[in-house]
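Take a look at the structure below.
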Amino acid sequence: MNPASLKGRSLLTWIDYTPEEIRYFVDLSKKVKEEAKKGVRKQRFVGKTLALLFEKRSTRTRCAFETAFGEEGGHPVFLSNQDIQLGAKESIEDTARVLGRMFDAIEFRGFKQEYVEILAKYSGVPVYNGLTDMYHPTQALADVLTIEENFGNCKGRKLVFVGDGRNNVARSLMVISSKLGMHFTIVSPKELWPDNELRNLCETFARESGSVLSITDSVEEGVKGADAIYTDVWVSMGEEALKAERVRLLTPYQVNAELMAKTGNPNTIFLHCLPAVKGEEVTFDVIEGPQSKVFDQAENRKHTIKAIMLATLP
Ligand code: CP
Ligand code: NVA
């Protein structure tokens, strides 16, 4: 894999990248983190500009992009949908073309995956998906880094996502795991299983990489032997009206000490993309306990996002 082939590319979903390319991003993230720990501050984004478009709120993603870009000399500009026209008074295509004339790259967080696709198609600059209803690829890279910090190469390890199995985080983890050869299980009520289209696509990646994918509604069956148990909020941004239904469906899937013990593995780690609702998808003792790596994960958002920009910015 020639790293030069990554220049100018957008990251909309990991589906678009080969396992070798994803491996390059993981390894570069490790280097970026080592540099940060040594206090090395290179100025690799000097003179560059980055537009940060947010239709939905964010702490980690926004701060990771802003600090990673800014500390290397770049100029990030935050634009919420209170600030600019995003499909309201101006088409996304036009916004894309205007921003592409002024910025070297664009990050977008919002609802429709179609919007990041249009931004990428019309802006002519790299576009990074900072979360849509369908995918959260920058999160998944930070999660792989965190898993590898604990276990070495993720190939052959078992990651289990417990909760809303059709959400953006679960879907992105299924894609990246199947590409990298990590075994991946979703434990979720049937009503919240991901669609067959994505599952079938990931099965084709898994056949190549040696990953085993499974989806089950049985906690006992799914969590057995897990190296990492991962959960996310029961109600994603934009789905607030579904709260009562989700609590009903997902209460039996809460990650608590009893569920962690069912892995049968004393070394299982606990992961969560955050923000968390303690007492819903995870109990206080698990997220605050020794198995929890959630703040390493949060920190790793910054290193991985810097690596993504270093690799793709021309
Ligand atoms: N995990 C994550 O994306 O966090 P934010 O919503 O705070 O960006
Ligand atoms: N699934 C969550 C992830 C937040 C980082 C959401 O979309 O709200």
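Counting starts at 1 for both ligands and their atoms, in listed order. On a predicted model such as this, the values are computed, not experimentally measured, just so you know.
Contact annotation: T61 has no heavy atom less than 4.0 Å from any atom of ligand 2. Put simply, part of H136 is less than 4.0 Å from ligand 1, judged by heavy atoms.
Tested against N300, the residues E148, K33, R60 include a single side-chain contact (heavy atoms from CB on, under 4.5 Å) partner, K33.
Shortest contact from atom 4 (C) of ligand 2 to any protein heavy atom: L131 CD1, 3.8 Å. In this structure, atom 6 (O) of ligand 1 lies nearest to the protein heavy atom R109 NH1, 2.8 Å. Residue, atom and distance of the protein heavy atom nearest to atom 3 (C) of ligand 2 are D232 OD2, 3.5 Å. Summary of contacts: the protein heavy atom closest to atom 2 (C) of ligand 1 is R301 NH1, 3.2 Å. Protein heavy atom closest to atom 4 (O) of ligand 1, with residue, atom name and distance, is R60 NE, 2.8 Å. In this structure, atom 7 (O) of ligand 2 lies nearest to the protein heavy atom N168 ND2, 2.9 Å. Scanning all protein heavy atoms for the shortest distance to atom 8 (O) of ligand 2 gives M237 N, 2.8 Å.
At least one test fails for R109 against the ring of F54: distance under 6.0 Å to the centre or angle within 45° of the axis. In this structure, R62 satisfies the cation-pi test against F78, with its NZ or CZ atom closer than 6.0 Å to the six-membered ring centre and inside 45 degrees of the ring normal.
Among the atoms of V235, none of the N or O lies under 3.5 angstrom from an N or O of ligand 2. The shortest N/O to N/O separation between L131 and ligand 1 does not fall below 3.5 Å. For a threshold of 3.5 Å applied to N or O pairs, the pair formed by R109 and ligand 2 contains no separation below that value. For K56, no nitrogen or oxygen atom sits less than 3.5 Å from a nitrogen or oxygen atom of ligand 2, counting backbone and side chain alike.
Listed here is the closest heavy atom pair of M1 and P3: O-CD, 3.4 Å.
Side-chain rings of W14 and F25 approach one another, their centers coming within less than 6.0 Å.
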